[in-house]
Amino acid sequence: MSMLEIKNLHASVDGKPILKGLNLTLNKGEVHAIMGPNGSGKSTLASIIAGNDAYEITEGSIEFEGKSLLDLEPHERAAAGVFLAFQYPVEIPGVSMMNFMKTAMNEIRAQQGLEPMEPAAFLKRVREKQALVELDAKLANRSVNQGFSGGEKKRNEVFQMAMLEPKLAVLDETDSGLDIDALRIVAQGVNALRNANNAFLVITHYQRLLDYIVPDVVHVLAHGKIIKTGTKDLALELEAKGYDWILETEKA
Amino acid sequence: MELDRSTLDFKGPADRTRHWTGLNKGRPSSKQEEWKYVPVDVLMDALYPTDSPSSDSFEPRPEPLNVQTGIQFLSLEQALEAEIPGIQNAKESIQNAALDGLAQAYRPVNQSGIRVLYVPSNLHCIDPITAMPAVAQSTSKAEALLVLLGENAHLTLFLPHEAQSNRFSFLYVGLDKGAKLELNRDLAAAPGTLFMSHIQGSVAESAELKLVQWMQGGQAQRHSVQVSLNGQQAIARISSLQVAEPQNQLHSWVNMIHASPEAESHQNIRQLSKKEGISSFTGKIHVALDAQKTQAYQHSAAMVLEEGGRTYHRPVLEIYADDVKCSHGATTGSLDEQALFYLQCRGISKASAKRLLIEAFIEGCIQDFYPALQSHFRTAISKSIQQL
Ligand SMILES: Nc1ncnc2c1ncn2[C@@H]1O[C@H](COP(=O)(O)OP(=O)(O)OP(=O)(O)O)[C@@H](O)[C@H]1O
Ligand SMILES: [Mg+2]
C-alpha cells in the first residue's frame, strides 16, 4: 500500500479549473520533488492535500494509507500524520508560539486517544527541535509568525514539522527566501527526520535544495497535471533548460 | 482563585440562594445600618465558590490594610454634613449630568439611594474592595454611588452590576490631586432587561482613573462615561469589552474632555458580536483650546463572529489646541480564514482554532482588568463562544 495515492485529481476555485487530472503516488521512505512554472498549481495541490476547502474537488481521489483523505477535516488529517509547510506562513497576532504548539500537540494527541503531554516533556522537545533548526529561542515567546523575517518563518515551519513528526510532510517552497546557511539548516532538519516510515513531498523552484535533500523522484507539474517524472537529473536538466522544452514536447 | 461563570447561570434554587448571598454582602440589613465594603475575594468566594482548591497560583497578596478604619460609606446627607471634600461638585453633577433622552427618563435619582464612598487623603487601600450597587426597587428610580478620593488616596474598586431587572445607575468619580482609582465593572444583565448607566468623572492634577468594563447580556445596555481631565499629568484609561449575544444590543459612549494641558487619555475597546447582536462604541475626544501637550489615544477593534452580527465605531475628535498628540483607530473584521486554516493544519479543531483567535483578539482588553478578575472573564468568553 502506498502512503499517498492521488488519482485523476481535478480541482477548481470559483469555477476556474486549476488541477486537471493529476496523478501521483508516493511510498513510505521516499522523497519526491515537484517543480513547475509559477501558477501551475503546486500550492493548490499542497493546500488540497492539507484540506483547504476553498478548492472544489470535481473529480478524482486522494488516499492516504489506504483511506480517503477527502472525507477528513484539516485537523483530522494532521492527526493522521499529514503536515503542510506553508509557502506563505500566516501571521497570527496574539496567539503565542508556545500556546499554539502546546494546543496543536495536545489536540493531535487527544485525537489519537493519548493524554496531554507533560509540560516538562513538552519544553524539552521544544528546546530539542529549536536546536535542530537553529531557531532563535526568543521567537517562542512571540506571536505566531508575527514580525518574523522571511527566513525565520520558513525555519519556524520546519520547527513545527519537527515537533509534530508527521508521516507525510509537504514542503511548499520552504527553500525560497533562505540564505545559503539557512537552506543547509532547513535541509538538515528535514534529513534528520527522514526515515523508512515517513515521506516528503518537496515543492521547489530550485535544483539547489535538491543537492541537500536528495529526492528519489522529480515531477514536473504544468497546466494542472504531472507532465513529466524522472530522477534527480531531471531537476538539473530543468535548471539548465527551463520548462519550455518539456511544454513543447508535451504539445507535440 | 478560579472563577467559574457557570455559577452565575441560575440552574436551581441553590444557585439562586448562593447568588443572592453574594450580592447581599455589604448591603445594610436595615435603614439604621450603614453600608459596608466587602473585600473582593470574600465576595468572589460567595459568588463563585470553588469546591476544590484551584491550582492557579497567584502572587501572594500584600499585607491587608485595615481599610475599615479608613474608608467611609456614607449617605448623601452624612457626606454633606461631614463636608467631605468634593461632595458639592458630586451632588451638582448628579443634578446636571448631561444624560441622553433615554437616561433622562430614569431621573431623578432617588435621593435616599445615593451612597458616598470616601477615601481620605493619603490612604492607600492595597486590597481591592467591592461596593455592591443598590438594587432599585422601582424602575423609575436610579441608584447612585459617589466615589471620592482625597489627595494621593489609592483605591481599587470592583462593581459587579448584576441587572436582574431594568435599571439605571449613576456613578460619580472625583479624584483629588495624585489620587488613583482603578474601577472594574462587570456589566451583566439578565435576558430581556434594559440596563443603563452613566459615569461622571473628574480627575485632578497627577491623578489617574482607570476604568475597565465588561458588558454582556440583557436586551439592551447603554453605558456612558464622561471624564474631565482637570490638571496636568492627569490620566484616564478606559477599556471596554463588549460581547453582544444574539438579539443583544450593547452601546458604550465615552466623552473624554481634556480641560487642562499635559493630560493623557487612552480608550481601548474590543467588541464581539454574534448573530443579530449589535455592539457600538462612540468615543469623543475633546481637547480644549489651552490644553496643549495633550496626549489622547483611542483604539477600537471589533469582530463579527456570526453572520448578522453588527458592530459600529464612531470616533469624534474635537481638538482646539494645536500642540497635541492624538490618534484613533478602528478595525472591524471577522475571523481570519487563513489563520483558521493554518491552525487547523496543525491538528487544532475549527472550534478550538476560533477560540484561540477570539481569545487573542480580546486579550488586549482582558489584561486591563484587575489580575484576579481576568480568568473570570476569560472563562466567560470561552463559554460564550463554545457554540460557534
Ligand atoms: N484561492 C484562489 N482563488 C483564485 N485563484 C486561485 C486560488 N488559488 C490558486 N489560484 C490560481 O490557481 C493557479 C495556481 O496557483 P498556485 O498557487 O497553486 O500556483 P503555484 O504553482 O504554487 O505557483 P508559484 O510557483 O508561483 O507558487 C494560479 O493561477 C492562481 O492564481
Ligand atoms: Mg506556490
Side-chain angles (χ1 to χ4, degrees), chain A residues 46-55 72-112 114 119 143-146 153 156-157 159-161 163-166 169-170 172, chain B residues 54-57 239 241 243 268-272 299-303 305 307 329-369 374-375 377-379 381-382 385-386 388:
Chain A
S47 224
I48 287 172
I49 294 173
N52 192 339
D53 62 10
Y55 303 95
L72 301 181
E73 294 287 316
H75 70 284
E76 295 169 328
R77 298 182 195 202
V82 176
F83 181 91
L84 167 63
F86 283 66
Q87 181 175 1
Y88 304 108
V90 185
E91 298 197 3
I92 311 182
V95 177
S96 78
M97 263 315 292
M98 288 302 256
N99 186 18
F100 164 53
M101 268 292 99
K102 196 176 74 200
T103 311
M105 291 287 285
N106 289 337
E107 291 221 0
I108 286 181
R109 290 174 68 89
Q111 291 182 70
Q112 294 166 341
L114 298 171
S143 292
V144 178
N145 293 320
Q146 200 185 22
K153 282 182 184 167
N156 192 27
E157 293 294 288
F159 162 72
Q160 291 170 44
M161 178 180 75
M163 285 294 290
L164 302 176
E165 292 181 347
V170 181
D172 191 357
Chain B
S54 141
S55 60
D56 260 15
S57 59
S239 301
L241 179 49
V243 185
N268 182 30
I269 315 298
R270 294 288 182 287
Q271 309 183 58
L272 290 177
H299 174 65
S300 171
M303 197 183 256
L305 297 179
E307 234 166 276
T331 59
T332 302
S334 45
L335 285 164
D336 179 351
E337 289 295 331
Q338 285 190 0
L340 275 179
F341 180 59
Y342 188 79
L343 294 170
Q344 285 177 275
C345 279
R346 298 297 177 254
I348 299 171
S349 69
K350 194 160 193 170
S352 303
K354 283 184 178 176
R355 212 190 58 229
L356 276 178
L357 294 182
I358 295 169
E359 284 170 356
F361 174 76
I362 60 166
E363 193 55 29
C365 211
I366 293 271
Q367 283 183 352
D368 294 339
F369 282 95
Q374 292 178 7
S375 66
F377 293 116
R378 283 197 193 96
T379 312
I381 282 282
S382 41
I385 60 182
Q386 227 161 33
L388 286 182

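Small disclaimer: the values here were computed from a predicted structure and weren't measured. Convention: sequence-line order gives letters A, B, ...; per-chain numbering from 1.
Of the residues considered (B:R346, B:E337, B:E359), B:R346 shows the highest number of contacts with chain A, using heavy-atom pairs under 4.5 Å. When each of B:S349, B:A360, B:G364, B:A353 is scored by its heavy-atom pairs under 4.5 Å with chain A, the top score falls to B:S349.
Looking at A:N106, there are no atoms closer than 4.5 Å to chain B (heavy atoms on both sides), in backbone or side chain. Contacts between A:P93 and chain B at a heavy-atom distance below 4.5 Å involve the backbone alone (N, CA, C, O). Both the backbone and the side chain of A:I108 come within contact range of chain B, each with at least one heavy atom under 4.5 Å from a heavy atom of that chain. Using a 4.5 Å cut-off between heavy atoms, A:S47 touches chain B through backbone and side chain atoms alike. With a 4.5 angstrom heavy-atom cutoff, A:Q112 does not touch chain B via any of its atoms.
Listed for the A:N145 side chain is a donor-acceptor partner under 3.5 Å among the backbone atoms of A:V90. Under a 3.5 Å cut-off, the side chain of A:E107 and the backbone N or O of B:S352 do not form any donor-acceptor pair. For A:Q87 (side chain) and A:D172 (main-chain N/O), no donor-acceptor pair under 3.5 Å exists by modelled atom type. A donor-acceptor pair is defined here as one N or O able to donate and one able to accept, closer than 3.5 Å; no such pair exists between the side chain of B:R355 and the backbone of B:S382.
Salt bridge present: A:K153 and A:E91 bring a charged side-chain N and a carboxylate O closer than 4.0 Å.
Atom CD of B:Q338 has 12 or fewer heavy atoms from other residues, nucleotides or ligands within 6.0 Å.
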